[in-house]
Number of protein chains: 2
Amino acid sequence: MGKHHLRSVDPPATPESHPAPGSAGAPEAAGGNAPVRSSATSKLDRPSRAKEEERQRSRRPTGRDVAHAAGVSQTAVSFVLTGVHPEKISEQTRKRVLEAATRLGYRPNRLARSLRTRRTSAIGLLSSTMETVVAQAISGLQEAAWESGYHVILCNTHQSATLERQALDFLADLQVDGLVVVSTSTPSDNQALAAWTQGPLVLINRTLGPEDAPFPRVITDYREGARLAVEHLLAQGCQRVAFAGMDLEGLGRSEAVRQRWEGYRQAVQQAGYSVDMRLVYFAPRERTGVGWREGVEAVEKFRSLPPEQQPDGVYAINDFVAAGVIGALLQAGIRVPQDVSVVGNDNTSVASHHYPQISSVDQRWQEAGRMALRKLLYLLSHAYESLPADGAPPSGEEPSLVEVVRPQLVVRQSSLRRVEVNAPGAGTS
Amino acid sequence: MGKHHLRSVDPPATPESHPAPGSAGAPEAAGGNAPVRSSATSKLDRPSRAKEEERQRSRRPTGRDVAHAAGVSQTAVSFVLTGVHPEKISEQTRKRVLEAATRLGYRPNRLARSLRTRRTSAIGLLSSTMETVVAQAISGLQEAAWESGYHVILCNTHQSATLERQALDFLADLQVDGLVVVSTSTPSDNQALAAWTQGPLVLINRTLGPEDAPFPRVITDYREGARLAVEHLLAQGCQRVAFAGMDLEGLGRSEAVRQRWEGYRQAVQQAGYSVDMRLVYFAPRERTGVGWREGVEAVEKFRSLPPEQQPDGVYAINDFVAAGVIGALLQAGIRVPQDVSVVGNDNTSVASHHYPQISSVDQRWQEAGRMALRKLLYLLSHAYESLPADGAPPSGEEPSLVEVVRPQLVVRQSSLRRVEVNAPGAGTS
DNA sequence: TTGTAGGCGTTATCAA
DNA sequence: TTGATAACGCCTACAA
């Protein structure tokens, strides 16, 4: 039995194109299937016949089929469908082509097109993890890509440099038109990445390249987020806003952690207060993350102060910490938000599923994904024109090299005091 | 001053060679693609020269280059590199091809290959949302695909049937080899999906197709997960295990919710108890989700019982509810886990970031993704040979049509009593 | 304005 | 065993 290699992708009934006329064509068909075709003509026959048959059977009509059906040439079909040179096509042929194409249900073969034009409409996405924020960025990127006719090829490197290198090779083989790299911190282990030559490269929250010629990137702004949170608390009438966070040396000296601290400090000082370190809790640097527990510890620290010095507002560097803070406060009989208002960060599902619901800073990773794609498309379309040889290269409004996503504060119950509470001095615990 | 930003696609190399000659992709690159080439030789010249030049400059060497360098034919190169017909290649040519290939850094052009073989190594992934569990499934799928040399093209349909249809068209255009659809509930709006003909289709947590001939799928097992949780609580010595969940008509009659309730009921009954509806809390069906608040409400209900009838263990249908339950218990001065043990579901980051950490059932969505890919690969290789026409179709060990992922209980502080507590009657609140 | 023809890089067929 | 040679489906100078 000719049970050799499987029938590849083809769906049912596809007698081989040109089976050696003696070898009983279709390999799978048990009995029958007599060599009805050809019989006499054998190989001397012009290929036209076999071709035609074959084409008939192939489910997807080709451009040639359309041309044939419309009574025009392939060129006309191509011109009409790609929309280039619209002036070189008469309205009549245009109509006929369109009609034939829709009638046959023609869809151009992207593989062939890509082979010819050297552009796939694929962009590679390299992510080091799949944590929530990254998933959000991926979602935004994919959505934006989709809207522009691009598709996204996802590669997760699990923080491994080896995997990253392999993924890059892989994506290069796929001939993606561009690449986006997203990571939560900024490891900047630039080794393999910097060698990317397959097209434009946009980074999300990661730096790469020499100081004077860095790669274009999109970054989320944790500093601004923290400022938003603190300013909101102050606007709500809080006068002693505390910080519940992480030691700056912890978590691999995470940039995002440091930025939140700076934002807090700036906002407090800008409002005319000085930073009171008794209102600041840093989790020990050994901790591998901060959550509920650290929130509780923060409250313990704050509660050890004399009552009049205790905070009336808390900014927590993430929603888990905020939940811990709230839990500990409530347990101590302190009301939230009336006595102490609390704001978290990241706007995770914890914030909305908690009770009371937690106000939180949304870093808008999804928007970061969208922006990254926009930037990539811009680079894609301007890649080949502006060699500095020829004076002012592109037109104006070139997007800046590094784009910042503005965070947004989502106000919920945990920080929303009644309106009259705005009077100063109201809710000291 | 040429604004830096672009690192155009071409790596710095490409010395000399006037930039224009044909290649350089980007056909739409505005402006003049002047006929620089011609110069002296004009068009009469045999193309060989131009070709050679062009090839030289082309970054990626082709199979022809390798053949040329090795002094063999393209056929030999193809055979050697694809590994087929190993017997038809002499050891010597084999070596020379390999040597030349590595020396030139040859990488086959997947586009050309796909065009010819009609197989991309791409599989499409249709997801209706990007919530955490889906992201996990995607991660697992992508990882497994990667290990098998496949890549994943992600399409997010945002629950929209229209988008889903478009995405399917898109993926069909891309000629993906197969398709995986992942959703959290089972909407089974099969309209467009059932018409998929581009290759095998595997569903994750979704049913499709006629009852008697459903599509292959992978499902997570919430019933089993609930059983695990309850059995664990019983084994810890709990005698009155409560259920904190959602009205079965709520959330669009979510299958996953109903399964958890059934698992709870089965486990309780199987242990010889009868289900006490006073120990069961169903959130009102109008709620759009369950979280902390519903956990608190559950505890309120339970606390209204006479002390000896109150639960000593609670299974909550997700981690948010569990957190709410724990919070309310602690606030009431009830110890967790000593007085009441609590188990959540989904093993989200809430469970591990909470304090005390929450025991939770992991539904292993990541594994579901992996399994889906395995199943798809199986179908890919067995798709077209076993039409039941010919008796016992394939060989044995065909995977079952629907595969179930076994959940796993992750035990943490919220349910881990001291060993001696195992004695019955210990921790009634 | 339309048609003809050559090539993108592979794989696969068929003589030599 | 190896080497021409023809597709795969599309794009696009160039000639008609």
Side-chain angles (χ1 to χ4, degrees), chain A residues 5 8-10 16-21 23 43 47 50-51 54-55 58 60-68 70-94 96-97 106-120 173 175, chain B residues 22-23 25 27-28 33 35 37-38 43 47 50-51 54-55 58 60-68 70-94 96-97 106-120 173 175:
Chain A
H5 57 182
S8 82
V9 183
D10 284 18
E16 291 289 1
S17 66
H18 208 10
S23 83
K43 65 202 75 169
K51 248 194 205 164
E54 196 170 338
R55 205 165 290 290
S58 140
R60 281 175 83 97
T62 78
R64 233 181 75 159
D65 296 332
V66 177
H68 202 258
V72 301
S73 75
Q74 281 193 63
T75 312
V77 175
S78 182
F79 279 0
V80 170
L81 296 201
T82 59
V84 297
H85 303 303
E87 76 284 358
K88 310 190 119 180
I89 289 293
S90 77
E91 192 54 35
Q92 194 204 355
T93 38
R94 195 187 145 72
R96 288 171 59 182
V97 166
Y106 170 70
R107 322 231 45 178
N109 184 327
R110 298 180 70 121
L111 255 37
R113 175 179 293 180
S114 295
L115 179 59
R116 182 64 230 244
T117 63
R118 295 172 174 286
R119 314 184 76 230
T120 60
D173 274 2
Q175 316 205 32
Chain B
S23 70
E28 75 289 22
N33 48 352
R37 185 186 21 244
S38 62
K43 61 205 77 170
K51 246 194 208 165
E54 200 170 337
R55 202 165 291 289
S58 140
R60 283 173 82 97
T62 78
R64 231 181 78 159
D65 297 330
V66 177
H68 202 259
V72 300
S73 76
Q74 280 193 63
T75 313
V77 175
S78 181
F79 279 1
V80 169
L81 296 200
T82 59
V84 298
H85 305 303
E87 76 284 359
K88 308 191 122 180
I89 288 293
S90 77
E91 192 54 33
Q92 195 206 353
T93 37
R94 195 188 145 72
R96 286 171 59 181
V97 167
Y106 169 70
R107 324 229 44 177
N109 183 327
R110 297 181 70 122
L111 255 38
R113 175 180 295 181
S114 294
L115 178 60
R116 182 63 229 231
T117 63
R118 296 172 173 286
R119 314 186 77 232
T120 60
D173 273 2
Q175 317 205 31

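Letters A, B, ... are given to chains in the order of the sequence lines, protein chains preceding strands, and every chain is numbered from 1.
- Applying the salt bridge (charged side-chain N to carboxylate O under 4.0 Å, His left out) criterion to B:Arg94, with sequence neighbours excluded, gives B:Glu91.
- With rounding to whole Å, A:His85 atom NE2 is found 16 Å from C:dG3 atom P.
- Rounded to a whole Å, the CZ atom of B:Arg113 is 18 Å from the P atom of C:dC8.
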Could you run down the sub-3.5 Å N/O contacts of the protein with nucleotides 2-4 of chain D?
{"unit_1": "D:dT2", "atom_1": "OP1", "unit_2": "B:Ser90", "atom_2": "OG", "d": "3.1"}
{"unit_1": "D:dT2", "atom_1": "OP1", "unit_2": "B:Thr93", "atom_2": "OG1", "d": "3.4"}
{"unit_1": "D:dT2", "atom_1": "OP2", "unit_2": "B:Ser90", "atom_2": "N", "d": "3.3"}
{"unit_1": "D:dT2", "atom_1": "OP2", "unit_2": "B:Thr93", "atom_2": "OG1", "d": "3.1"}
{"unit_1": "D:dG3", "atom_1": "OP2", "unit_2": "B:Ser73", "atom_2": "N", "d": "2.9"}
{"unit_1": "D:dG3", "atom_1": "OP2", "unit_2": "B:Ser73", "atom_2": "OG", "d": "3.4"}
{"unit_1": "D:dA4", "atom_1": "N6", "unit_2": "B:Thr75", "atom_2": "OG1", "d": "2.6"}

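- Rounding to whole angstrom units, CG of residue A:Leu115 and P of C:dC8 are separated by 9 Å.
- For A:Ser73, there are no side-chain hydrogen bond (donor to acceptor under 3.5 Å, both in side chains) partners at least two apart in sequence or on another chain.
- In this structure, A:Arg64 atom CZ and D:dA7 atom P are separated by 10 Å, rounded to whole Å.
- Judged as a side-chain contact (heavy atoms from CB on, under 4.5 Å), and not counting sequence neighbours, the contacts of B:Gln175 are A:Asn109, A:Leu111, B:Thr120, B:Gln198.
- For the helix from C:dT1-D:dA16 to C:dA16-D:dT1, the angle separating the two terminal helix axes comes to 50°, with each axis derived from five pairs and the value rounded to 10°.
- Distance from the side chain of B:Asn109 is smallest to C:dG9 among D:dT12, C:dT11, C:dG9.
- Rounded to whole Å, the distance from CG on A:Leu111 to P on D:dC10 is 10 Å.
- For A:Arg94 and C:dT1, the shortest distance from a side-chain N or O to OP1 or OP2 is not below 4.0 Å.
- For B:Tyr106, there are no ring-ring contact (aromatic ring centres under 6.0 Å, His included) partners two or more places apart in sequence or in a different chain.
- Donor-acceptor pairing under 3.5 Å, judged by distance alone, is absent between the side chain of B:Arg116 and the base of C:dT10.
- Here the P atom of nucleotide C:dG9 and the CZ atom of A:Arg119 are 17 Å apart, to the nearest Å.
- Nucleic acid contact class of B:Ser114 (heavy atoms, under 4.0 Å, all strands): none.
- For the side-chain hydrogen bond (donor to acceptor under 3.5 Å, both in side chains) test, no residue two or more places apart in sequence or in another chain qualifies with A:Arg113.
- Using a 4.0 Å cut-off, no side-chain N or O of A:Arg107 falls inside it from OP1 or OP2 of D:dG9.
- Checking side-chain atoms of A:Thr93 against main-chain N and O of A:Ile89 turns up no donor-acceptor pair under 3.5 Å.
- Distance CZ (B:Arg96) to P (D:dT1): 16 Å, rounded to an integer number of Å.
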Evaluate side chain to side chain contact (heavy atoms under 4.5 Å, CB included) for A:Gln92 paired with A:Arg96, printing each intermediate quantity in order. CA-CA 6 Å; A:Gln92 194 204 355; A:Arg96 288 171 59 182; 3.8 Å; yes
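- A salt bridge links B:Asp173 with A:Arg107: the distance from a Lys NZ or Arg NE/NH1/NH2 to an Asp or Glu carboxylate oxygen falls below 4.0 Å.
- One can place CZ of A:Arg110 at 11 Å from P of D:dC11, the figure rounded to the nearest angstrom.
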Compile the donor-acceptor pairs under 3.5 Å between side chains in residues 75-86 of chain A and protein atoms, sequence neighbours left out, one pair per line.
{"unit_1": "A:Thr82", "atom_1": "OG1", "unit_2": "A:Ser78", "atom_2": "O", "d": "2.8"}

